[in-house]
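Step one of this worksheet: look at the structure below.
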Amino acid sequence: MKETAIFDDIRPYRDEEIPAAMRRIANDMCFPLLSAYIFPNRPTKETRELVRSIRTTAEFQARVMHVMIDQVIRRSTTSFTYSGIERLSPSKRYLFISNHRDIMLDAGFLQQVLYDNGHETSEITFGVNLMQNPLIVDIGKSNKMFKVERPTSDMRAFYQASRHLSEYIRYTLLDKRQSIWIAQRNGRTKDGRDLTDQGLIKMLGMSGSDDKVHALAELRIVPVAISYEWEPCDQLKTMELYERSQNGDYYGKKPGEDIFSIIGGILQPKGRVHLTICEPLSPDELSAYETYAAGDFNRAVANLVDQRIHHAYHLSPNNFIAHDRRSGQRVYQDRYTEAQEAAFAERFRALEADKETGGRSALMDILLGIYANPVDLADDDARRDSVSPENSTCV
């Protein structure tokens, strides 16, 4: 299938568009800040010359993005480990469906793992809400990111956009021979409950044949679980969840808040981070739902993705501390130390008490839920040993 202009509204930049994008990035007023973070030991002038010399997406990823993620790992994580890379073949292309905790880093860490193990990097979904700043657009589209529309009240327009996205995903995987990363749901998980939207599965099947099993099987779906010891932007997520609980929606979002969340996710300490590439969904597994009605089929596949992600999610002491503090019990006290509990309490001391009642504040209860909910989703018997990952590779 020859690429046409049909996907020009959502696709990443082609190589011939990269030199102009690099010039815009190098000339942007924010470039000195980016340069200071990614290349702290290089003069800005030298970094500008480096960026202006880049001619392809592959070169941009190798010389800039890979270096940037390496800086994130070095400067804001205690450790970054991964497992499951042996489940992938460098010669095949996959649809990675991931839980989504950080706007940029969830996909960025996967790209690092793929690159470091000799696999081609994937294309990455990029929410239209993030494509407001020209610099972010240029960086994103130069980094294999493509646009995804958010749901709107115009259901006809959203259906058309979903079908267009489905066609692009299938075209990219089967004809362009590029893997894809996509989040399991619209937007980041705010409350710690990683659950796949069955609408995502429905969207993926829109562009396939009437054989719903084959339509998904040929995409080679691979669930991905990423776990952070310290939840990215946890207090911002707490404030958003609190406002939604009080007002039924989040009306406090300010211009540029998504960019602030990107920066916060990059800079804030994340502790131990682990990424698991789960077992791909097999045709036989999908065939087990062949007789299901369409809605039930989509729900069953979403549940299968969830099972993989929940099983692979690495719980940290913080998850168990939060669960015990929220429940008022000490069920998991063997999973953390007094020092770890003290560090958790100190980090969130400002949210702890309700000044009027003296009890635990509503904000603190929400924050504890963010950390505690993954424990409730876990199969305790299978998951408790995941605090100290085995068979992992450390970067």
Side-chain angles (χ1 to χ4, degrees), residues 9-10 95-108 110 122-132 136-137 140 145-170 172 180-207 216 219 221-226 228 231-234 236-241 243-245 247-253 257-262 265 294-295 298-299 301-306 308-310 313 370 373-374 377:
D9 58 329
I10 62 174
L95 175 60
F96 299 105
I97 299 182
S98 173
N99 64 331
H100 191 23
R101 299 300 186 91
D102 184 85
I103 291 175
M104 177 181 168
L105 296 181
D106 300 339
L110 175 64
S122 75
E123 291 197 8
I124 304 165
T125 54
F126 196 38
V128 68
N129 57 303
L130 300 175
M131 302 187 76
Q132 310 300 319
I136 298 298
V137 171
M145 298 178 108
F146 61 94
K147 185 174 72 173
V148 175
E149 294 289 347
R150 288 290 185 100
T152 67
S153 57
D154 185 342
M155 296 306 297
R156 178 178 175 82
F158 181 62
Y159 173 82
Q160 292 173 338
S162 296
R163 186 170 189 86
H164 188 49
L165 174 63
S166 181
E167 291 168 348
Y168 178 75
I169 288 173
R170 194 169 298 272
T172 298
I180 285 176
W181 177 97
I182 192 169
Q184 67 180 166
R185 46 167 288 170
N186 174 42
R188 291 170 294 164
T189 297
K190 303 296 197 312
D191 62 2
R193 295 179 60 81
D194 296 317
L195 299 171
T196 303
D197 186 347
Q198 70 182 71
L200 169 67
I201 308 302
K202 177 181 178 180
M203 179 276 292
L204 294 173
M206 284 180 175
S207 57
L216 291 187
L219 301 180
I221 295 173
V222 178
V224 174
I226 186 161
Y228 297 87
E231 180 78 9
C233 301
D234 46 18
L236 287 176
K237 292 175 182 178
T238 296
M239 296 303 297
E240 178 176 337
L241 289 172
E243 181 163 334
R244 289 184 185 279
S245 71
N247 303 318
D249 207 339
Y250 181 48
Y251 300 106
K253 194 167 191 175
E257 185 170 320
D258 287 323
I259 304 304
F260 184 74
S261 292
I262 291 175
N298 295 331
R299 189 177 302 109
V301 175
N303 289 339
L304 183 58
V305 173
D306 289 344
R308 292 277 210 279
I309 291 174
H310 297 162
Y313 189 92
I370 292 173
N373 284 333
L377 289 175

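Owing to the predicted nature of the structure, the values given are computational and were not obtained by experimental measurement. The analysis underlying the following values was restricted to heavy atoms, covering all of them including side chains, and did not include hydrogens, waters or symmetry mates.
Residues that satisfy the side chain to side chain contact (heavy atoms under 4.5 Å, CB included) test with Gln160, not counting sequence neighbours, are Arg156. Under the rule for a side chain to side chain contact (heavy atoms under 4.5 Å, CB included), the partners of Arg299 that lie at least two apart in sequence or sit in another chain are Gln198, Asp296, Asn303. With sequence neighbours left out, Thr125 forms a side chain to side chain contact (heavy atoms under 4.5 Å, CB included) with Phe146, Val148, Trp181, Ile182. Under the side chain to side chain donor-acceptor pair (under 3.5 Å) criterion, Asp106 pairs with His100, Tyr228, sequence neighbours left out. In this view, Ala161 and Glu149 satisfy the side chain to side chain contact (heavy atoms under 4.5 Å, CB included) rule, not counting sequence neighbours.
Between the CG atom in Leu130 and the CZ atom in Phe126 there is a gap of 5.5 Å [rounded to 0.5 Å]. Considering CG of Leu105 and CD1 of Ile262, their distance stands at 9.5 Å, rounded to 0.5 Å. Put simply, CE on Met203 and CG on Leu165 are 4.5 Å apart, with the number rounded to the nearest 0.5 Å. Between the CD1 atom of Ile309 and the CD1 atom of Ile226 there is a distance of 11.5 Å, given to the nearest 0.5 Å. Atom CG of Leu219 is separated from atom CD1 of Ile180 by 8.5 Å, given to the nearest 0.5 angstrom.
Although no hydrogens or angles enter the test, the distance criterion places no donor-acceptor pair under 3.5 Å between the side chain of Ser207 and the main chain of Arg170. Looking only at distances, no side-chain donor or acceptor of Ser166 sits under 3.5 Å from a matching main-chain atom of Ser162. No side-chain donor-acceptor contact under 3.5 Å links Arg101 to the backbone of Pro232.
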*asked:* side chain to side chain donor-acceptor pair (under 3.5 Å), that's the test. Do His310 and Asn99 meet it? Break it down for me.
replied: CA-CA 9 Å; His310 297 162; Asn99 64 331; over 6 Å; no
*Can Ile370 and Thr238 be said to form a side-chain contact (heavy atoms from CB on, under 4.5 Å), step by step?*
CA-CA 8 Å; Ile370 292 173; Thr238 296; 3.6 Å; yes
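In this structure, the side chains of Met239 and Leu241 stay at 4.5 Å or more apart for every pair of heavy atoms. Residues Ser122 and Ile124 have side chains in contact (heavy-atom distance under 4.5 Å, counting atoms from C-beta outward). In this structure, Glu123 and Met145 have side chains that are not in contact, with every pair of non-hydrogen atoms separated by 4.5 Å or more. Counting only heavy atoms from C-beta outward, the side chains of Ile97 and Leu200 approach each other to under 4.5 Å. Counting heavy atoms from C-beta on, the side chains of Leu204 and Leu216 come closer than 4.5 Å. Contact of the Gln184 side chain with the Ser98 side chain is not registered, since no non-hydrogen atoms from C-beta on lie closer than 4.5 Å. With contacts defined as side-chain heavy-atom distances shorter than 4.5 Å, the pair His164/Ile10 qualifies.
Residues Ser261 and Cys233 approach most closely at O-SG, 3.5 Å, considering heavy atoms. Closest of all the heavy-atom pairs between Met206 and Arg163 is O-NH1, 3.1 Å. Here the shortest heavy-atom pairing between Tyr313 and Pro374 reads CE2-CB, 3.9 Å. Across Asp102 and Met104, no two heavy atoms sit closer than the pair OD2-N, 3.1 Å.
For Lys202, the NZ atom sits in a loose shell: 12 or fewer heavy atoms of surrounding residues, nucleotides or ligands are nearer than 6.0 Å.
Here salt bridge (Lys or Arg N to Asp or Glu O under 4.0 Å) pairs that include residues 181-193, with residues two or more places apart or in two chains, are Lys190-Glu240.
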